[in-house]
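Labels below follow one simple rule: chain letters A, B, ... track the order of the sequence lines, proteins then strands, and each chain is numbered from 1.
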Amino acid sequence: MKQLLRYGALIGLLLASLARAELTIEITQGVDKPTPIAVAPFGWQQPQAMPEDIASIVEADLHRSGLFEPMARQNMLSFPSTAGEVYFRDWRQGGQEYLLIGNIEPQAGDRYLISFELFDVLKEQRLIGETLSGNRRQLRRMAHTIADKVYEKLTGIPGAFSTQIVYVTAQRFSKDNYRYQLQLADADGANPRQILDSREPILSPSWSRDGKKLAYVSFETGRPAIYIQNLATGAREKVTGFRGLNGAPSWSPDGRTLALTLSKDGNPEIYTLDIATRKLTRITKHYGIDTEPTWSADGRSIIFTSNRGGQPQIYQKELATGWIERLSFDGDYNAKAHLTQDGRHLVMVHRERGVFNIAVQDLKTGRLDVLSQTSLDESPSIAPNGSMVIYATKQAGKEVLSVVSLDGQVKYKLPSKQGNVREPSWSPYLQ
Amino acid sequence: MRVGNFTKAVAVAATVAWMAGCSTTDTTSDSGEMMDKGSQQQDSASSSGTGSDGQMHSGHMADKMGKDAIADLQTVFYFDFDKAVVRPVGFEDLSAHAKYLADNPNARVVLEGHADERGTREYNIALGERRAKAVSRFLTVQGAASEQIEVVSYGEERPAVTGSNEAAWSKNRRVELKYGR
């Protein structure tokens, strides 16, 4: 009976959390042999319902990475919440390689203590044993942190489940009657909240490297301008509003400079803006289109799109020497590129035979791989751990967000209940 | 009259193309395209039009053009994919718009540049601006004052037609002329 009650509570919670999310997750492809892992429901010894089903959040995160195949709960013979309750033989017979267990304990002042342990089922070894504490609002975040730790322990790569994404939703009611909203949500689409609401286009959100601010383009005055908004306070300021284009802001790794596109001097050119002093420095000087600047991880060079060769291709400019080099050569349209953190790979929008996809180019070998098989793909943004790329695509006439791993093996979609979703940008690691 | 207008437009197009070739505000590909189209048109029109430009021009000056003069003109001009070259088919109406602006120094026009949904949004905003600027150059070369013209690019943000096919895309790669009061 107690078990039954717990199940009812769990299902209720699950439905509640799904209803809260505007974006849902639809996993379309994972690796060939994902690692089997069991995430047992976390223990909860209180009469009232469990405030959040931590285990199912962790499980969904690991599943979404495509690298793990979590065990279905109904196949579990027991729900251990302490090491003493674990019978390794049962889990081995269930085909599991790893087991995560945990327990939630309420504390004074709406706070909770979560303990969790990860076991290697075959070696019968404990790999992680830790506790986390936080308030009720932080429970989901704590679950993502647990998933991050498990992921890092088992893959050697830091997890990015406790990060966030921003994106733009657009609804068209009639000609010239639109609603655009800049939204912030957890990386799994949960907890969406609105950053900006406008009848005019919003685009190109870019995170500051500390994850505290966003720069974006808004047409709210009828003309494009670049704004910086503090996420905690909501305070915002217009940083450029020149005649012509004000676009494509991109925060430098040291957080002090924005690279952006202005056409005030005639053509779309790249500039850097010192945020504190508002000093502008012109970076490109060419009669073609230069736009979509992004930074190398060391902040020493800027990657940008230019049609100086006749078609849009990716170029890199070293800021100290002024040296400009063309990076992309395959295909007749390459744009909006980002370098991976290690500087080895270039992720970009790539057109081949008339189809726009997300591609990754290995800068060492020159090899280019097309990652997505959707169409009209755009706006790629890389997760801070370099494992995944989120991008915008079109599905049955509707704009949706999609995610693909950098090796192309793992894919999932984030379909929205209403309107078009576009312009995703993945946050850095958040404190 | 019609022929004369067209001839003049062709002459202007050739001038624009020449300017584009020298100016630092155009791409080599754009100006190359413009040269091609301009010279093709000039070839076909040269038999009837060469030499009559000056006369037609002064003839026009005698007209008094009011708001009615632009009422029937096309206000949307279309472009090829990833191109910012004004198509010759629009020359005649654009010339009439230019004349209206020249005759009415207080008139103001906003040129809205647009792109189809293919490709990246920021690149498309830049492309939309180039299209609007190509139209702006056409108008100013023909006598409109640059202070009368404002350029705003929406890129792919405001499609005229929804849909992901060439029929929709071709209607979305455009510049719209919108007159102020």
**Report entry** Heavy-atom proximity to chain B below 4.5 Å, by part of A/E423
**Finding:** side chain

Report task. Return yes if a side-chain donor-acceptor contact under 3.5 Å exists between A/T291 and B/E122, otherwise no. Result -> no

Query raised in the report: Going through the checks in order, is the side-chain contact (heavy atoms from CB on, under 4.5 Å) test met by A/I289 and B/R130?
Result: CA-CA 9 Å; A/I289 292 174; B/R130 304 206 111 199; 3.3 Å; yes

Query - When A/R243, A/R351, A/K175 are compared by non-hydrogen pairs under 4.5 Å with chain B, the top option - result: A/R351

Requested in this report: Could you look at B/E112 and say if it's the side chain, the backbone, both or neither that has a heavy atom under 4.5 Å from chain A?
Outcome: neither

Query - Non-hydrogen atoms of A/Y333 and B/G119 that approach each other most closely - result: OH-CA, 3.2 Å

Query raised in the report: Taking the six-membered ring for Trp, are A/F219 and B/Y154 parallel (under 30°), tilted (30 to 60°) or perpendicular (over 60°)?
Result: parallel

Query - Greatest number of heavy atom pairs closer than 4.5 Å to chain B - which of A/P224, A/P312, A/G222 - result: A/P312

Report summary line: Pair count under 4.5 Å, heavy atoms only, with chain A: among B/E157, B/E129, B/K133, highest is B/E129

Report task. Considering only NZ, NE, NH1 and NH2 on the basic side and carboxylate oxygens on the acidic side, decide whether B/R121 and A/E399 come within less than 4.0 Å. Result -> yes

Requested in this report: Name the member of A/S263, A/A392, A/G244 that forms the most heavy-atom pairs with chain B at distances under 4.5 Å.
Outcome: A/S263

Query raised in the report: What part of A/K285 gets closer than 4.5 Å to chain B, counting heavy atoms only: side chain, backbone, both or neither?
Result: neither

Requested in this report: Kindly give the heavy-atom pair with the smallest separation between B/A126 and A/L245, and that separation in Å.
Outcome: CA-CD1, 3.7 Å

Report task. Tell me, yes or no, whether the heavy-atom count around B/N165 atom CG, taken from other residues, nucleotides or ligands under 6.0 Å, exceeds 12. Result -> yes

Report task. Using a cut-off of under 4.5 Å on heavy-atom pairs, state which of A/D176, A/L203, A/T305 scores highest against chain B. Result -> A/L203

Query - Side-chain heavy atoms of B/S164 within contact of A/L376, under 4.5 Å - result: yes

**Report entry** B/A132, part contacting chain A, at a heavy-atom distance under 4.5 Å
**Finding:** neither

Report summary line: If one checks every heavy atom of B/V151 against chain A at 4.5 Å, the contacting part turns out to be neither

Query raised in the report: Do the charged groups of A/R422 and B/E117 touch, with an N to O distance under 4.0 Å?
Result: no

Report task. Decide yes or no for A/R172 and B/R158: does some side-chain heavy atom of the first lie under 4.5 Å from some side-chain heavy atom of the second? Result -> no

